[in-house]
Engineer: 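The structure follows.
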Amino acid sequence: MDLDLRKLRYFVAVAEELHFGRAAERLHIAQPVLSRQIRALEDEVRAQLFVRTKRATELTPAGRQLLDDARPLLSAADATRRRVARAARGSKTFTIGFMPGLTVTEAVRAFGVSHPDIDVELIRTTWNDQVDVLHDGRVDVSIVRLPIDQAGLTVRPLFEEPRVAMLPSDHRLAGKPVIDITDLADEHLLQDPDAVPEWRDIARELRTRTAKPIPVMRSVEEKLEHVATGRGISIIPLSVATFYQRSDVVAVPVDDLALNAVCLAWVSSRRSRLIHDFAAIAPQVAWTP
């Protein structure tokens, strides 16, 4: 069975929206066309993918399985298209992704000395896409912050750094030289509790099930805006706090917090000589958190 990638993209849009109208708008096609394409895909895979009622659209077990498989398949297709396009242009580029707070200057310079004919491009990533940019081919390697989903990746450690609590400048703990994680038990954390298991295990709002929803935040700047206005606190790596200093937010060291690990990652199936050359250089340069 050959899967049509266009139909798969249509399917993923509907699966993520769980609404044919919104998915059609997102894809810029007419809803009847989208419905026909989904029915054709169901015929191809010989399975019902959605259950539609007057009130809702839900994925069937087959649909959930296809969604799990379709995302990496589409990412791989995107990555192949990008690499082929670069090869067709004769472009000698090497692209590095990096997370906020990290400075990749020394690694780029060292790589440039041994590869003067290669143009190095840089892409700033986020917690949400630091792995996606590898799988979809936007970058060749990425400087990532753990934890990440390491499936299909080769991950090499670079360094570790402390994490700090970001608090409003008028917070009761803002002037402390150091605090314990237990001092934050009554606070509202503006991130996934699993990202800070030390806080998760003692958090009062989780024990009492009174946690407020976590707002959608796409950048460090947005997170710090929420902290500054007193909507909660955040735990971030020290280098990020240092890079994004502002007068209305204070970084406070916290005892009993695990260090944040910074690593180099790339797709394991890639056989690029440039990737392996950069992987040899990166651990040897000075990384300044």
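We count residues from 1, following the sequence as given.
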Engineer: So how far is it from Glu44 CD to Leu8 CG, rounded to the nearest 0.5 Å?
Structural biologist: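 It is 8.5 Å, given to the nearest 0.5 Å.
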Engineer: Kindly indicate whether the side chain of Thr93, heavy atoms from C-beta on, has any atom under 4.5 Å from the side chain of Ile118.
Structural biologist: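 No - every pair of side-chain heavy atoms lies 4.5 Å or more apart.
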Engineer: Using the salt bridge (charged side-chain N to carboxylate O under 4.0 Å, His left out) rule, pick out the option among Arg9, Arg71, Arg138 that qualifies with Asp78.
Structural biologist: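 So the option named by the test is Arg9.
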Engineer: Any Lys/Arg nitrogen of Glu187 or Arg172 sitting under 4.0 Å from an Asp/Glu carboxylate oxygen of the other?
Structural biologist: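 Looking at Glu187 and Arg172, the cut-off is met.
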Engineer: Say whether, by atom type as modelled, one donor and one acceptor occur between the side chain of Asp69 and the main chain of Leu66 under 3.5 angstrom.
Structural biologist: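 Side chain of Asp69 to backbone of Leu66: no pair is present.
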Engineer: Quick check: closest heavy atoms across Val285 and Ala110, and the distance to 0.1 Å?
Structural biologist: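 The pair with the smallest heavy-atom distance is CG1-CB, 4.0 Å.
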Engineer: Return yes if some donor-acceptor pair links the side-chain N/O of Asp180 with the main-chain N/O of Asp255 below 3.5 Å, else return no.
Structural biologist: no
Engineer: If you round to the nearest 0.5 Å, how far is OG1 of Thr229 from CD of Glu225?
Structural biologist: 7.0 Å
Engineer: Counting only N and O atoms by type, is there a donor-acceptor contact under 3.5 Å from the side chain of Arg55 to the main-chain atoms of Arg52?
Structural biologist: no
Engineer: Under a plain distance cut-off of 3.5 Å, with no hydrogens placed, do Thr60 and Gln48 share a side-chain donor-acceptor pair?
Structural biologist: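 Looking only at side-chain atoms, Thr60 and Gln48 do not form any donor-acceptor pair under 3.5 Å.
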Engineer: Show, in sequence, the C-alpha distance, side-chain angles and deciding distance for Thr53 and Glu58, and conclude whether the side-chain contact (heavy atoms from CB on, under 4.5 Å) test is met.
Structural biologist: CA-CA 9 Å; Thr53 68; Glu58 300 291 342; over 6 Å; no
Engineer: Going only through I, L, V, M, F, W and Y residues with side-chain contacts under 4.5 Å, is there a path from Leu73 to Tyr10?
Structural biologist: yes
Engineer: Verify the neighbour count for atom CZ of Arg156: are there more than 12 heavy atoms of other residues, nucleotides or ligands below 6.0 Å?
Structural biologist: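 Counting neighbours around CZ of Arg156, 12 or fewer heavy atoms of other residues, nucleotides or ligands fall under 6.0 Å, so no.
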Engineer: Are Leu274 and Ile143 linked, directly or through other ILVMFWY residues, by side chains that come within less than 4.5 angstrom of each other?
Structural biologist: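 Yes; Ile143 is reachable from Leu274 via cluster members.
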Engineer: Over all heavy atoms of both residues, which pair between Pro147 and Trp127 is shortest? Give the atoms and the distance, please.
Structural biologist: O-CZ3, 4.4 Å
Engineer: Where do Leu189 and Glu205 come nearest, in terms of heavy atoms and distance?
Structural biologist: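 The pair with the smallest heavy-atom distance is N-OE2, 4.1 Å.
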Engineer: Taking Glu198 for the side chain and Ile181 for the main chain, is one N or O donor matched with an acceptor at less than 3.5 Å?
Structural biologist: no
Engineer: Is there side-chain contact between Ser114 and Asp277, with heavy atoms separated by less than 4.5 Å?
Structural biologist: no
Engineer: Indicate the atoms forming the closest heavy-atom contact of Arg124 with Pro100, along with that distance.
Structural biologist: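 Looking at all heavy atoms of both residues, the closest pair is NH2-CG, 3.5 Å.
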Engineer: Which value, rounded to the nearest 0.5 Å, describes the distance between Ile202 atom CD1 and Asp183 atom CG?
Structural biologist: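 That separation rounds to 9.0 Å.
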Engineer: Given side chains that start at C-beta, do those of Ile235 and Trp199 come closer than 4.5 Å, heavy atoms only?
Structural biologist: no
Engineer: Any side-chain heavy atom of Val240 sitting closer than 4.5 Å to one from Val164?
Structural biologist: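 They are not in side-chain contact.
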Engineer: Just wondering, more than 12 heavy atoms not from Lys7 lying within 6.0 Å of its NZ?
Structural biologist: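 Counting neighbours around NZ of Lys7, more than 12 heavy atoms of other residues, nucleotides or ligands fall under 6.0 Å, so yes.
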Engineer: Would you please test Ile236 and Tyr244 for side-chain contact (heavy atoms from CB on, under 4.5 Å) and show each step?
Structural biologist: CA-CA 11 Å; Ile236 64 176; Tyr244 290 95; over 6 Å; no
Engineer: Taking C-beta and beyond as the side chain, do Leu257 and Val196 meet within less than 4.5 Å on heavy atoms?
Structural biologist: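 Leu257 vs Val196: side chains touch.
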Engineer: Is the Phe278 ring parallel, tilted or perpendicular to the Phe94 ring (thresholds 30°, 60°)?
Structural biologist: tilted
Engineer: Strictly distance-based, threshold 3.5 Å: is any side-chain N or O of Asp140 a donor or acceptor partner for the main-chain N or O of Ile96?
Structural biologist: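 Looks like no, no N/O pair under 3.5 Å.
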Engineer: Please verify the inter-ring angle class for Phe11 with Phe50; under 30° counts as parallel, over 60° as perpendicular, anything in between as tilted.
Structural biologist: tilted
Engineer: Could you see if Leu238 belongs to whatever hydrophobic cluster contains Leu167? Use Ile, Leu, Val, Met, Phe, Trp, Tyr and a side-chain cutoff under 4.5 Å.
Structural biologist: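 Leu238 and Leu167: separate clusters.
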Engineer: Would you say that Arg26 contacts His19 through its side chain, given a criterion of any heavy-atom pair below 4.5 Å between the two side chains?
Structural biologist: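 SC-SC contact between Arg26 and His19 ruled out.
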Engineer: Please say which of His226, Met166, Lys212 ends up in a side-chain contact (heavy atoms from CB on, under 4.5 Å) with Leu190.
Structural biologist: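 Exactly one option meets the side-chain contact (heavy atoms from CB on, under 4.5 Å) with Leu190, and it is His226.
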Engineer: Can you check whether Ile179 reaches Pro253 side chain to side chain, under 4.5 Å on heavy atoms?
Structural biologist: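 When only atoms from C-beta onward are counted, Pro253 and Ile179 do not touch, as no gap falls below 4.5 Å.
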Engineer: How many angstroms lie between CD in Glu160 and SG in Cys263, if you round to the nearest 0.5 Å?
Structural biologist: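 If I round to the nearest 0.5 Å, the distance is 8.0 Å.
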Engineer: Nearest heavy-atom pair of Arg145 and Ile148: which atoms, and what distance?
Structural biologist: O-CG2, 3.4 Å
Engineer: Counting N and O atoms only, with roles assigned by atom type, does the side chain of Thr125 sit under 3.5 Å from a partner on the main chain of Phe98, one being a donor and the other an acceptor?
Structural biologist: yes
Engineer: Sub-3.5 Å donor-acceptor pair from the side chain of Thr103 to the main-chain atoms of Thr105, do we have one?
Structural biologist: no
Engineer: Less than 4.0 angstrom from a charged side-chain N to a carboxylate O is my criterion; do Glu25 and Arg22 meet it?
Structural biologist: no
Engineer: Going hydrophobic residue to hydrophobic residue with side-chain gaps under 4.5 angstrom, can you get from Phe243 over to Val220?
Structural biologist: yes
Engineer: Just how far is it from atom OG1 of Thr208 to atom CG of Leu206, taken to the nearest 0.5 Å?
Structural biologist: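 Rounded to the nearest 0.5 Å, the OG1-CG separation comes to 8.0 Å.
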Engineer: Are Leu67 and Leu18 linked, directly or through other ILVMFWY residues, by side chains that come within less than 4.5 angstrom of each other?
Structural biologist: yes
Engineer: Is the backbone N or O of Thr242 less than 3.5 Å from a side-chain atom of Gln245, with the two atoms forming a donor-acceptor pair by type?
Structural biologist: yes
Engineer: Nearest 0.5 Å, what's the CG-CZ distance between Leu49 and Arg64?
Structural biologist: 11.5 Å
Engineer: Let's go through Val252 and Leu173 carefully: what are the C-alpha distance in whole Å and the side-chain angles of both, what is the deciding distance for side-chain contact (heavy atoms from CB on, under 4.5 Å) to 0.1 Å, and is it a yes or a no?
Structural biologist: CA-CA 8 Å; Val252 180; Leu173 300 172; 5.6 Å; no
Engineer: Less than 4.5 Å apart, any side-chain heavy atom of Val249 and any of Pro168?
Structural biologist: no
Engineer: Which atom pair, heavy atoms only, marks the closest approach of Ala282 to Leu264?
Structural biologist: CB-CD2, 4.2 Å
Engineer: When you measure from the side chain of Ser142 to the backbone N and O of Val144, does any donor-acceptor pair fall under 3.5 Å?
Structural biologist: no
Engineer: Could you walk me through whether Gln37 and Arg6 pass side-chain contact (heavy atoms from CB on, under 4.5 Å), step by step?
Structural biologist: CA-CA 9 Å; Gln37 292 296 313; Arg6 182 183 60 178; 3.9 Å; yes
